[in-house]
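Working notes for the structure below.
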Amino acid sequence: MAPFGPVAPRTPVGYALRMRDSSIAKVQWGPRSAFAVTVGCELRRLRRERGYTQTSVAAPLTAAFLSAVEHGSIVPSLPSLVLLLEGLD
């Protein structure tokens, strides 16, 4: 029991309520999700099509990071994804 009595469960309000009801909140975006694997496969396809190495595309990130993205092991942040896409230009 909390020092001031029992704590009632919080009811979502505002933004949290809208997100709970949205479709995007129900999708799993974590490692090995369909999203992560699709992003990784597409990045690998584009990189190989253009004949680039992981090191050249990943800079200033690491080739290990790009490898993990390509295998769907991690979902890159938006800024990281932008850097990777700029590396493909």
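In the hydrophobic cluster analysis, where Ile, Leu, Val, Met, Phe, Trp and Tyr join through side-chain heavy atoms closer than 4.5 angstrom, V82 is grouped apart from V75. Using a 4.5 Å cut-off between side-chain heavy atoms of Ile, Leu, Val, Met, Phe, Trp and Tyr, with links allowed through other members, V37 and L46 fall into different hydrophobic clusters.
Between the side chain of S67 and the backbone N or O of A63 there is no donor-acceptor pair closer than 3.5 Å.
One distance of note links CZ of R50 with OG of S56; it measures 11.5 Å at 0.5 Å rounding. Put simply, CZ on R48 and CD on Q54 are 8.0 Å apart, with the number rounded to the nearest 0.5 Å. Here the CG atom belonging to L83 is positioned 11.5 Å from the CG atom belonging to L88, to the nearest 0.5 angstrom.
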What do the steps show when you test V39 against L81 for side chain to side chain contact (heavy atoms under 4.5 Å, CB included), and what is the final call?
CA-CA 9 Å; V39 166; L81 186 57; 4.3 Å; yes
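Between S73 and R32, the closest side-chain pair of non-hydrogen atoms falls below 4.5 Å. A 4.5 Å side-chain heavy-atom check between V57 and L43 finds every atom pair outside the cut-off.
Between F65 and L84 the shortest heavy-atom distance is CE2-CD1, 4.1 Å.
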